[in-house]
*Asks:* 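Questions regarding the structure given below will be posed in turn.
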Amino acid sequence: DLAPLACLPRLRTLSLISGEIEFIQALKIGPLAPLSRLRLLERLALEETDLADVQALRQLTALRTLSLHHSPVRDVQP
């Protein structure tokens, strides 16, 4: 549940990464909608997750670095 993160509007860097060992399950993070309120977010890592849709991140105009390593995202069009 990412809802508690929405109350951190000054957050600039966020990493949500599952373990790097092959047999660890993908991190289940749920909908990204709460992150759309983090307007100052510049760096975001969503690695080793079950995340397939990043549409909610379109509103993050300050975002400069996005890492989706080993996550099943197929479309990252702005």
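Excluded from the calculations below are hydrogen atoms, water molecules and symmetry mates; all remaining heavy atoms, backbone and side chain alike, are included. Heads up: numbering here begins at 1 and tracks the sequence.
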*Asks:* Starting at CG of L60, measure out to CG of L66 and round the result to the nearest 0.5 Å.
*Replies:* 9.0 Å
*Asks:* What's the separation between atom CG in L14 and atom CG in L63, rounded to the nearest 0.5 Å?
*Replies:* 10.5 Å
*Asks:* Who are the salt bridge (charged side-chain N to carboxylate O under 4.0 Å, His left out) partners of R12, not counting sequence neighbours?
*Replies:* E42
*Asks:* Identify each donor-acceptor pair in which a side-chain atom of residues 27-39 lies under 3.5 Å from a protein atom, sequence neighbours left out, and give them as a table.
*Replies:*
unit_1, atom_1, unit_2, atom_2, d
S36, OG, A33, O, 2.6
R39, NE, S36, O, 3.4
R39, NH1, Q59, O, 3.1
R39, NH2, Q59, OE1, 3.4

*Asks:* Establish, from distance only, whether the side-chain atoms of T65 and R43 form a donor-acceptor pair under 3.5 Å.
*Replies:* no
*Asks:* Give, for atom CG of L57 and atom CG of L41, the distance between the pair rounded to the nearest 0.5 Å.
*Replies:* 8.5 Å
*Asks:* Please report the closest heavy-atom contact between A3 and D1, naming both atoms and the distance.
*Replies:* N-OD1, 3.1 Å
*Asks:* Could you check E48 against H70 for side-chain contact (heavy atoms from CB on, under 4.5 Å), going step by step and ending with a plain yes or no?
*Replies:* CA-CA 5 Å; E48 307 279 344; H70 285 274; 3.6 Å; yes
*Asks:* Among the clusters formed by ILVMFWY side chains lying less than 4.5 Å apart, do L40 and L5 turn up in the same one?
*Replies:* no
*Asks:* Between the side chain of S71 and the main-chain N/O of L46, is any donor-acceptor distance below 3.5 Å?
*Replies:* yes
